[in-house]
Each structure stands twice: as structure tokens, then as C-alpha cells.
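Working notes for the structure below.
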Number of protein chains: 2
Amino acid sequence: MTPPPAPSGKADWKAIRRDLLGRIQSGVWKPGDQIPREVELAAHYDCTRSTVGRALRDLATAGFLDRKRKGGTTVSANPVRKAPLDVPIIAEAIRKAGHVAGYQLLDAGERLPDPALAPELGLPAGTPLLFIAAVHLADGIPHQVEHRWLLPATVQGLSRDILETTPADEWLLRNVPLTRAQITIEAVRPPAPVSDALHAAPDTPTLLITRTSWRQARLIGMLQLYHAQGHRLVTGI
Amino acid sequence: MTPPPAPSGKADWKAIRRDLLGRIQSGVWKPGDQIPREVELAAHYDCTRSTVGRALRDLATAGFLDRKRKGGTTVSANPVRKAPLDVPIIAEAIRKAGHVAGYQLLDAGERLPDPALAPELGLPAGTPLLFIAAVHLADGIPHQVEHRWLLPATVQGLSRDILETTPADEWLLRNVPLTRAQITIEAVRPPAPVSDALHAAPDTPTLLITRTSWRQARLIGMLQLYHAQGHRLVTGI
DNA sequence: CAGTGGTCTAGACCACTAG
DNA sequence: TAGTGGTCTAGACCACTGA
């Protein structure tokens, strides 16, 4: 409703950022437009180049601006917005949602993974993996079922005793922190053991998050997280 | 494998960031640990406080560090990692995946939304909305079906003629850019018109992304995007 | 080549907060 | 209240890139 604020006088970098963003979002500067150089903006806002630079850098990181040496700064033609998706400790996410978090280990032990899984992880067929199945409860109701396949060599010290009481993600966070992960999100018909554990009908559409994680170049393992019916991922821009 | 790199001598902020991150990820500094003050790090890296400050700020933004005035800087006990999820123009996403993008308008016109929808959007019951149904094709195969509910007042100028050839998201990007959006991701059994348009069996588990968007404080509308079977969202850390 | 952003310095003052 | 990070200045040199 209000036109872009008339900017003048002293301002800190956050105010400058707000003002510049206002000009973009209100359409004063359109996608593809060239905006003034740092020196000009610095004069306009009565501050140093470092300060406007900070605001401009922040807007560029957020995807609103494209910056090139000599080419100057332009408003992004295609602002590919990023929605940040949290990758939390499961029990904490449940508590944060206002529920009482519960946990139950269903199975743990060395298994030969499904033949389709090994090549997907870049492992030679026939590699035994540590398999973990567990259910996370919210207020006593099944909330998420996790299936985990871990490389035994990289998770030495993780015993069944520990897993009886401690969810694997918490142990891993402290002992084998990941440095890289690939995440996929899809809708599936859950395998029978999963729908059983979720107390759901076998054909219930289920949200599956698969996360393969590495520590440096070394594979840690793969997590399949099945969500109870109606559970949504929520994020925003 | 390699222990934390021995850092010494001059370095730019990216090198300092790399070095500090190495100490965190290799476990030299553990979650909860207090790390040296800016002044000490500046002396250690033989640079000014601004430079180490930049590296530390970056690591804090990324979630690896917690910083408090007087309290100092500590390694995050619970690094809540964020996986960035792209919010692209649909046709561009399809092209980027290496397919030929197609588009077909199925329906467009003013409708009374489902009674459950109006309150969800904060609208008085009985508000007529512009409804758009369309299918996006990849190599001629149905890929995504969109259902859109738009506030007519905020999308004036968007005619059926335009929608015959231009997907709504492209028109909206140029004419009614959003400033805020809420996104939910869930698995559903698609309504019959959707499964038909996707050439899928009625009970196929389907990934549904719902996006409600605003321009400043003003509601633009709501998008429901149903994904064809097997289509996954992919992201990483 | 010249112009733009990217980075660094050496210093200063301020805002917040733990003790 | 003292110590820490947050920010700003005024200046400098450098790296990249468009003409």
C-alpha cells in the first residue's frame, strides 16, 4: 500500500537493506534493472561503501540481486526463492510441536540390505549393514517410523543397549556428525511393517523422507523416515 | 581422516571459515564448547577482528556457532541444519531436469471455493475466487497438476486468454510478486480430477505441495501442486 | 584498459549481558 | 560493571570482466 519509503539520512545496514528490498518488491526497480553503484548508494545513504556493501551482499545471498564485478548490480530476473527446511533431532521436533516425545526400538542388528539398496549407496553387493528400525511417538501415538542402514565401520560403539533408550539420531549427532547429506521427499505406499508400526491401513499415502549422509568423503548411512498420516512438513519464505 | 589443519599465518575470511569449520567437524571443538574470542583468533590468524568476525558470523548464520555478547561464541549443541528447498518456476524446473516442458490449461473461472478452504485462507465464507486448473507436462507426460485459488482483486488483468498459453506462476512472478509464502508438503490420495489428469490410479500416493502466498499483508492466493507418481523433491546439506 | 564489486586494515564506539 | 560481539568509518589494494 505504502510506496517505497523515501530514504535519506543516516541508516544502518539493516535499514538500508529494508529500503532497497522495498524498492524491489514495490516495483520501483524491476527484474533485470541495473541499480546504482555502491559509491552512489553510499553517498545517498550518507555512509561508507562497506555499509551499503553489506546490505547489497545480503540481498544478493538471499537471491534478490545479481552482482558482477564491472557489470554492476542488477535485480534478479528469476528470483529462485529458497524455502529452508529444518533437519532436526526427531524427538526435539516433536517436543517443539508441543507433544510428549516417546521412542521405541523395534529392531537392530546386522543385515544384508535389499539388493537394490547397495548400489544406490555405492557399496559392493553383499556388504552387511547395521539395520535399525524404531518408532517415534507423539503423546504416545506413533508419529514417525525410521529405518536406518548404517556402515558398521563408521558407527563403532553404537550398541543395541544404547539404541534401546537413545534414538540413533541423537547418538550420531554427538559421535558421527554428518558433513554432507542428500535428502529426497516423496509419497509412497509404506511397506507392511511400517504401516503396522504406524497403526495405519496398508494403502495409506505416506510421506517418506530419505536421507543419505556422509562424513567428509566417508558414507555414514541412509535413513528412511516414514511419517504418520496427516503429518505435514511446513516451511515458508 | 586428516586431523584439523594446523592454521597459521595470513589467511582470508574463507580460509579462516574453512579452518574453524574443520575444527568443529573433526571434533577438536565439540558441541557446547566455548571457542576463543575474536581478538584471540585475530591474533592467531594474523588479521583484524573484522576478518575473523566475518568468518564467525558466516558460521553462526549457517547454524554451526552460537554467539552472544559477553557470553562469547560456542559450538552449537544442536545444529539445526537447514536444507534449502527451491521454489522455482514450474516449467523451468522441468527444463532444468532435461525434459521438454509442456503446459495445458484445464479450467479457469470464478468459483466458490470449498467451504473448508475459505476460513483456512482467512476469508469470509462465500467469497468467490479465481480458480485455475492446469497440468504441466515433461516430454509430453503429465508431471504436475496445479489447482490455484486466487483473489480476483489482486490479480486483475489475468485473463483466461493469457492462461491458455502462459502458466499462472510465470504471469504472477512478473505482475504480482509474492513477498511471503507458507508452504506445506504432505502425502495424499489425490481427488479424482487430479488422478485423471496425471493418468494415475485413484489411490496412487501423491506428493502435494500447498503454497499460500501474500504480497506484503495482502493475500494473493493458494496453490495446490500435485506431483506425478515417483516424482521426488531433492535437496541436500 | 577502466570500472565495478570483493576484501582487508586499524581504529572506534556502541549494545547487550553474565557475573 | 566489565567483557564480549555488532557495527561503522575512511581508506586501500586487488580480482574480475565488459568494452
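Not measured: the values here are computed from a predicted model. Each chain gets a letter, A, B and so on, in the order the sequences are listed, and its residues count up from 1.
Here C:dA18 presents its P atom at 13 Å from CG of B:Asp66, a figure rounded to the nearest Å. Distance A:Arg67 CZ to C:dG3 C1': 14 Å, rounded to the nearest Å. As rounded to whole Å, 13 Å separates atom P of C:dC8 from atom OH of B:Tyr45. B:Arg37 places its CZ atom 8 Å from the C1' atom of D:dT4, with the value rounded to the nearest Å. Atom-to-atom, CZ of B:Arg54 to P of D:dC8 comes out at 14 Å; the value is rounded to the nearest Å. To the nearest angstrom, P of C:dC13 lies 19 Å from CG of A:Asp12. Here the C1' atom of nucleotide D:dC8 and the CD1 atom of A:Ile16 are 10 Å apart, to the nearest Å. Atom pair B:Leu56:CG and C:dC8:C1' shows a separation of 16 Å (rounding to whole Å applied).
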Do any N or O atoms of the protein come closer than 3.5 Å to N or O atoms of nucleotides 15-19 of chain D, and which pairs are they?
{"residue": "D:dA15", "atom": "N3", "partner": "A:Arg69", "partner atom": "NE", "Å": "3.2"}

Applying salt bridge (Lys or Arg N to Asp or Glu O under 4.0 Å), run through B:Glu170 and B:Arg174 and close with a yes or a no.
CA-CA 7 Å; B:Glu170 295 180 20; B:Arg174 293 180 211 302; 5.5 Å; no
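Pairs of residues two or more places apart, or lying in two chains, that qualify as side chain to side chain donor-acceptor pair (under 3.5 Å) and include a residue from residues 85-105 of chain B are A:Asn78-B:Glu92, A:Lys82-B:Asp86, B:His99-B:Asp139. Sorted by first and then second residue, the side chain to side chain donor-acceptor pair (under 3.5 Å) pairs with a member in residues 52-73 of chain B read B:Arg17-B:Asp58, B:Glu38-B:Arg67, B:Asp66-B:Ser76, B:Arg67-B:Thr73; sequence neighbours excluded.
Between B:Thr73 and D:dG5 there is a side-chain N or O to OP1 or OP2 distance below 4.0 Å. For A:Arg57 and C:dG6, the shortest distance from a side-chain N or O to OP1 or OP2 is not below 4.0 Å. In this structure, A:Thr51 does not reach the D:dT7 phosphate: none of its side-chain N or O atoms is under 4.0 Å from OP1 or OP2.
Taking 4.5 Å as the limit, every side-chain heavy atom of B:Leu65 sits out of range of all side-chain heavy atoms of B:Leu20. Taking 4.5 Å as the limit, every side-chain heavy atom of B:Pro36 sits out of range of all side-chain heavy atoms of B:His44. Annotation: side chain of A:Gln144 is not in contact with side chain of A:Ile209 (no heavy-atom distance under 4.5 Å).
Taking only distance into account, the side chain of B:Arg49 meets the base of D:dG6 through a donor-acceptor pair shorter than 3.5 Å.
Between C:dA10, D:dT4, D:dA10, one nucleotide has an atom nearer to the side chain of A:Ser50 than all others, and that is D:dA10. When distances are taken from the side chain of A:Thr48 to each of D:dG5, C:dT9, D:dA10, the shortest belongs to D:dA10. Closest approach to the B:Glu38 side chain among C:dG11, D:dG5, C:dC8 is made by D:dG5 (side chain taken as heavy atoms from C-beta onward).
Base pairing analysis places C:dG19 opposite nothing; no Watson-Crick or G-U wobble pair with both distances below 3.5 Å involves it.
When every heavy atom of A:Pro31 is checked against every heavy atom of A:Ala77, the shortest pair comes out as CB-CA, 3.8 Å.
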